[in-house]
Structure formats: structure tokens, C-alpha cells
Enquirer: 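Below is one structure. I have some questions about it.
Order of the sequence lines fixes the chain letters, A, B, ..., with proteins taken first and strands second; residue numbering starts at 1 for each chain.
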Amino acid sequence: MSNATDELFKNVIAHAKEYGFVFPSSEIYDGLSAVYDYGQNGAELKNNIKTYWWKAMVQMNENIVGIDAAIFMHPKVWKASGHVDGFSDPMIDNKDSKKRYRADQLLEDKIAAYDEEGKTDLAEELQIEMDNALKAEDLAVLKELIIKHEIKCPISGTANWTDVRQFNLMFSTQVGAIADEADTIYLRPETAQGIFVNYLNVQKSGRMKIPFGIAQIGKAFRNEVIARQFIIRMREFEQMEMQFFVRPGTQKEWFEQWKQARLKWHLALGTAPAKYRFHEHTKLAHYADAAFDIEYEFPFGFKEVEGIHSRTDFDLSQHQQYSGKKLQYFDPEINQNYVPYVIETSIGLDRMFLLTLINAYVEEDLSTAEKTDSRVVLRLHPVLAPIKAAIFPLTKKDGLPEKAREIMDKLKLDYNVYYEEKDAIGKRYRRQDAIGTPFCITVDHQTLEDNTVTIRHRDTMEQQRVNAADLNRIIGELVSWRNVL
RNA sequence: GCGGAAAUAGCUCAGUCGGUAGAGCAUCAGUUUCCCAAACUGAAGGCCGCGGGUUCGAAUCCCGUUUUCCGCUCCA
């Protein structure tokens, strides 16, 4: 990271806190690692991003419906999805090479080596000891075995190991008053499974015909070993995702279609196309047959914002197997029953929020020959701005405040608006620039005579005089979702 | 998790040799002005991240810890 971009990122974080967008969680108690709260302006911005996504995905597509599944799910869901096994491996680090290995993998390799050397009895003995230790989840014994059999790190060649630790990325808690192992449940590590387990409910009750999609916005939780870079990776985060169910064999074309549709959604907000790129996964997850990320160029490099994955029939097949319920679709067009294939689009809401903030943040030099001047302005798209318009009386006397409030009362039914009479008008404009308010409406002495006001535009700083009676319509057009959908 | 750096007012930061905690901006109240950071007067705001130690005395030195940032690592 260069100094300039480093500086920019720091400034954006400071700005986010100073102007009520993002606060560290429980800050008066020193904060909680990798957990953040959204402030008064952040909550508005985040809600607007959600609305934009929901409108674009659910309302604009008659074959996509939205649900809201619970965070708690039956423990077997995570068995079926592969999260229980895939997320809880015994890991060990070599202190010299700083490489991390699965402890059971190291032992398996050693057993294979013994077999090759013809030491079959040693191999057999180790296999039994390892199996017992894994079954008993005795991590100390696993380490003893690694030491006893002089297993060395293939990179550093040393046996300087840390203790064996269990890494489980899922948070667990208990259901019911009495803590019993059988009652252990997990906080969902992804929202997707809430859609898959409801596939049949939605398909039947909504009389959905393939191809169709189910969308959802919700929180997910991962106990990340390390979580950093502000809100890029949090332990509690929010996803907006849509699972699109298609006929097997058609997944490639739908995958391509959703890739383009999702990029279009991002670009409609006015972000420079050069800031975005696709990144293809070369190493695919166990469930996928194609995977692309949409990446945005953050100050610290290109980072994944959204994933578009072709998940095959993996999830529904797994749930079919574990639940014993048929999760199939009868396709009258080809007169066949099948488990649908799935294209997933999954966007990290918090990352989208940060992207939006960083992309909008501009430090402008307004210096003239006479004086140096500058401002910080959030060039948010008007549809996303936390506050759509601010209303200012030019002075706080001569009946201007009363007139301004009267105008504001007519606008606040439809838009989030803000009133302020303190400080000079220029200062009030700058304050709104800092939180991205696209329009400032100023009531002056002329307003009292002919009912006209000025609208000052955030980006150009230019003003236009309009009739106050037209404000609702004018603001409405400027902040309409039609401008992006 | 390993290594490095940092933590002082809402924000950005200063704080000398260890000797009673400071600035700019922001905030609040008032006066005045009125279309792009005006001025003036006043006020509020601090467990110097937290805990321990050394010392007559610690923001300052030492140890631990928490949080954040950077690099590595991890991210089905």
C-alpha cells in the first residue's frame, strides 16, 4: 500500500467514525475485535444499499422472491452442508516456517511413509493411535504422536511445533436452559442454507417454475482466526444473496447471465468500471463447477465484494440425503424429475458499504487566488444518500426558520430530510457535503415574497431557484430508484 | 497464529530530563453578519487504552494485557 492510498484509507475510517457511519463495537469497553456498529448515517446508507439490492433482485424480477430465514438452524443442516467437517480440523503450526498444517494430515503422510519403508507394524500402530485420538478429540495426544514420530515440517525441516488446536469457524451456543451436548446449535456461517432448506416450501407455496430464484438478506457469523482491515472481514457480517434454481445443463448460460447482471448492478451507481474486475477461481470449492468474484479496487488492492458461483446440485442433493425428503422438481417441459442446479450470487453487504464510502470520499481543493479552501465531500449516488435534502433558513430571524420548517414538514413524509439553522450558510453546506447529502434547500427573504427557494447541488455547488411548491416533485425525480434500476 | 508499529479531548496530533494535561479543527451557548470553512465572547469535553511494577513523584521507564494498523499466514 502506498502512502497516499494508506492515508486515504485512514482518512475514510476516521471520517466514518466522526460523521456517524461506523463505530467500533462496545467502544467504551475497549472494543470487541472485528465487530463494528453502524451509526446514525451508516444505518441509513446500509438500508439504502439493501433496498437497492432488494428492488433490483426481487421486485424487478418476477421469477425471484425474497425470504428471511432464521439465524439458528437444525444442527444437521451444517452436517449436510459440509461445514461441521470442513470447519473443524485439528491444526498445528511450525514455528520456523510459520506454515500451518492439518495435524491428521501430517500423521497420515507419516503412516504412508512407514508403509513405503516396509515398517507396516509401525504404520498400523500409529494409525490406531491416531484414530483413537481423533475420536476422543484429544489434541494433546495428536501433538505427542507428531513429536514421538519425529515428524518435521517439509519446508523448514524442523520439529518446532505449536500445540495442536481445533479451528472451528462456526460459533456455537445452546438451545434450552440445560446445557446438553445434544442441544448445541450453531450461528449460521452463511445465509445460503436458509434458502436451500426452504427450497421446497417456496417452490410449492409460490407455485414457482424453474428457472426461479430465492433471495435473502441476513447476518452470518464466522469465528475468523484473524479478522482485519476495518469492516472487510468481520466476525458478524451481513450477506445479500440469491440462489437461482435452473435445469441441469443450463447452468453455464445462467451463470454468464448473472455475472453480467450483477456487474451492471454495481456500475449503475456510477462507479468507474476500471475500479471493478472479475476474478476467476482456479481452485474450486467442493460444491462448485464455476466461480467468479466481482472485485473492487480498495486502497489496499482488489478485494472480493461479490461471488457468483455455480453450485451444481450439491446443496439440494446433500439435504435430500440427510433429511430423507425429496428436493426435486418436475419439469413439465421435458417431462422429467430432477434436483435443480443452482447459480448463487452472494454479496457482502458490509464490503459493499465500505466500497460505497471509499468510492464516494473526495477531498476537494477549492482554493482560489485569494484564499486556500477545501472540503470533504461524499459523492454518494442520491439514491443511497442517508439524508436526501437539508433545509436551511438563510438567517434565523425574520420568520425564515418558520417558513423553512413549513417546507420541511411537507418533504419529510417522503424523504429523510434534515433541518439546521446554526452557523453560516456556507458552513452548513459543508457539513452536509461531509455526509453526502445531495441537495440543500435554502429559504431566504425572497422566499417570503414569491415562495421560491434555492436548491444547492452537492457535487457542482451550483444553485437553482425553484418554486417551493415543486420541491416534492423535483427532489423525487432526483432521488428516484428509476435512475438506477 | 508469528513479526513490526501504534493507542493522549469527538477528529488530527504535540507533550522537553520522570515534576499539576496542551493545540488546531469539531461541538455547545451568546453577539454580529448573511449564499459556500467569517469574527468575537464564553462553555463543555481527559482513569494519557487497561492492569501491575520501579520511584518521593509516571502520559513519559519496565512487565503484562486489550484494541487497531502493516507484512506473513488463513479465508470449504
Side-chain angles (χ1 to χ4, degrees), chain A residues 1 3 6-7 9-11 13-20 23-36 39 78 81-89 91-101 160-163 165 167 169-170 189-190 192 222-230 232-233 281 283-288 291 293 300 303-304 307 309 311 314 364 366-368 371-377 392-398 400 421-434 440-446 453-458 460-463 465:
Chain A
M1 200 190 293
N3 279 342
D6 191 32
E7 198 63 23
F9 185 47
K10 277 185 182 165
N11 290 350
I13 292 173
H15 191 86
K17 190 189 168 196
E18 187 167 7
Y19 289 92
F23 306 123
S25 162
S26 323
E27 198 188 7
I28 60 170
Y29 292 103
D30 269 346
L32 183 63
S33 182
V35 184
Y36 290 89
W78 309 113
S81 69
H83 284 82
V84 169
D85 295 331
F87 262 11
S88 60
D89 299 322
M91 306 296 284
I92 190 166
D93 291 13
N94 182 274
K95 290 177 185 169
D96 297 313
S97 65
K98 316 259 187 243
K99 286 283 173 189
R100 177 170 296 160
Y101 301 93
N160 189 12
W161 298 105
T162 62
D163 286 340
R165 285 162 299 185
F167 281 79
L169 265 65
M170 285 196 289
E190 64 172 29
R222 290 186 196 180
N223 196 3
E224 301 283 356
V225 178
I226 50 157
R228 270 201 308 234
Q229 276 170 329
F230 198 42
I232 280 282
R233 185 172 304 157
H281 287 216
K283 193 180 138 229
L284 292 169
H286 58 274
Y287 53 73
D293 290 340
F300 37 85
K303 290 277 172 193
E304 176 188 355
H309 298 165
R311 291 181 79 125
F314 176 82
E364 264 183 10
L366 301 174
S367 297
T368 57
K371 61 167 183 175
T372 58
D373 191 8
S374 67
R375 66 165 181 165
V376 171
V377 52
F392 305 143
L394 189 58
T395 72
K396 50 182 159 181
K397 51 184 186 184
D398 304 333
L400 295 185
E421 61 184 35
K422 183 168 166 54
D423 291 318
I425 193 76
K427 197 167 199 170
R428 282 179 271 167
Y429 286 150
R430 299 297 169 86
R431 267 201 284 261
Q432 294 305 312
D433 288 342
C440 291
I441 296 158
T442 302
V443 171
D444 55 20
H445 292 91
Q446 192 182 330
V453 295
T454 60
I455 296 180
R456 178 263 195 188
H457 294 258
R458 177 194 66 201
T460 60
M461 298 172 72
E462 281 166 5
Q463 292 174 35
R465 187 162 277 278

Enquirer: Tell me, with the steps shown, if A:E421 and A:V443 meet side chain to side chain contact (heavy atoms under 4.5 Å, CB included).
Expert: CA-CA 11 Å; A:E421 61 184 35; A:V443 171; over 6 Å; no
Enquirer: Sticking with atom P, work out how far B:rC35 lies from B:rC69, rounded to a whole angstrom.
Expert: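 That atom pair is separated by 45 Å.
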Enquirer: Find the distance A:K17:NZ to B:rA7:P and express it as a whole number of Å.
Expert: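 Nearest whole value for this atom pair: 15 Å.
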Enquirer: Say you pick atom P in B:rA5 and the same atom in B:rG57; how far apart are they, in whole Å?
Expert: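 The answer is 30 Å between these two P atoms.
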Enquirer: Would you mind telling me which of B:rC36, B:rA76, B:rC35 lies closest to the side-chain atoms of A:R222?
Expert: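 Ranking B:rC36, B:rA76, B:rC35 by closest atom to the A:R222 side chain puts B:rA76 first.
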Enquirer: Applying a 4.0 Å non-hydrogen cut-off, can you work out what A:S81 is touching in the nucleic acid: base, sugar-phosphate, or nothing?
Expert: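 Here A:S81 touches no strand at all.
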Enquirer: Is there a donor and acceptor pair, one atom on the side chain of A:R428 and one on the base of B:rC36, closer than 3.5 Å?
Expert: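 Counting by modelled atom types and ignoring angles, no donor-acceptor contact under 3.5 Å is found here.
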Enquirer: Among B:rC34, B:rC69, B:rA76, find the nucleotide with the atom closest to the side chain of A:E190.
Expert: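 Closest nucleotide to the A:E190 side chain: B:rA76.
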Enquirer: Any base atoms under 4.0 Å from A:D444, or only sugar-phosphate, or nothing? Heavy atoms, all strands.
Expert: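 Since a base atom lies under 4.0 Å of A:D444, the category is base.
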Enquirer: Can you tell me how far P of B:rU68 sits from CD1 of A:I232, to the nearest Å?
Expert: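 After rounding, the gap between these two atoms is 15 Å.
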Enquirer: Taking the C1' atom of each, how far is B:rA44 from B:rA26, in whole Å?
Expert: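 About 13 Å, rounded to a whole number of Å.
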Enquirer: How would you summarise protein contacts on nucleotides 24-32 of chain B per nucleotide, using B for base, S for sugar-phosphate only and - for none, with heavy-atom distances below 4.0 Å?
Expert: --SSSS---
Enquirer: Could you work out the separation of B:rU67 and B:rC62 based on their P atoms and round it to a whole Å?
Expert: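 So the two P atoms sit 23 Å from each other.
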Enquirer: Nearest to the side chain of A:R430, which nucleotide is it out of B:rA76, B:rC36, B:rC35?
Expert: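 The answer is B:rC36, which lies nearest to the side chain.
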Enquirer: Which of these nucleotides, B:rC69, B:rC75, B:rC35, is closest to any side-chain atom of A:Q463?
Expert: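 For A:Q463, the side-chain atoms sit closest to B:rC35.
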Enquirer: Who pairs with A:E27 by side chain to side chain donor-acceptor pair (under 3.5 Å), at least two apart in sequence or on another chain?
Expert: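 Expected list: A:K17.
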Enquirer: Can you tell me how far P of B:rC74 sits from CG of A:N223, to the nearest Å?
Expert: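 That distance rounds to 18 Å.
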Enquirer: Tell me: NE2 of A:H281 to P of B:rA76, nearest whole Å?
Expert: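 A:H281 atom NE2 is separated from B:rA76 atom P by 8 Å.
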Enquirer: Nearest to the side chain of A:A14, heavy atoms from C-beta on, is which of B:rC36, B:rC11, B:rC35?
Expert: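 In terms of side-chain proximity for A:A14, the closest of B:rC36, B:rC11, B:rC35 is B:rC11.
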Enquirer: Considering only the P atoms, how many Å lie between B:rU8 and B:rA59, rounded to the nearest integer?
Expert: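 It works out to 15 Å between them.
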Enquirer: Please pick, from B:rC35, B:rC11, B:rC69, the nucleotide with the shortest atom-to-atom distance to any side-chain atom of A:L394.
Expert: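 For the A:L394 side chain, the nearest candidate turns out to be B:rC35.
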Enquirer: What distance, rounded to whole Å, do you find between the two P atoms, one in B:rA38 and one in B:rG45?
Expert: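 Straight-line distance between the two P atoms is 26 Å.
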Enquirer: To the nearest 0.5 Å, tell me how far A:I232 CD1 sits from A:E304 CD.
Expert: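 Taking CD1 in A:I232 and CD in A:E304, the distance rounds to 10.0 Å.
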Enquirer: For nucleotides B:rG53 and B:rA43, find the distance between their P atoms and express it as a whole number of Å.
Expert: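 To the nearest whole Å, 39 Å.
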Enquirer: Can you tell me the distance, in whole Å, between the CZ atom of A:R458 and the C1' atom of B:rC35?
Expert: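 One finds 19 Å between C1' of B:rC35 and CZ of A:R458, rounded.
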Enquirer: Does B:rU68 have OP1 or OP2 sitting under 4.0 Å from an N or O in the side chain of A:S33?
Expert: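 So the side chain of A:S33 is within the cut-off, an N or O lying under 4.0 Å from OP1 or OP2 of B:rU68.
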Enquirer: In whole Å, measure the gap between the P atoms of B:rC48 and B:rA9 for me.
Expert: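 Nearest-Å result for B:rC48 against B:rA9 at atom P: 10 Å.
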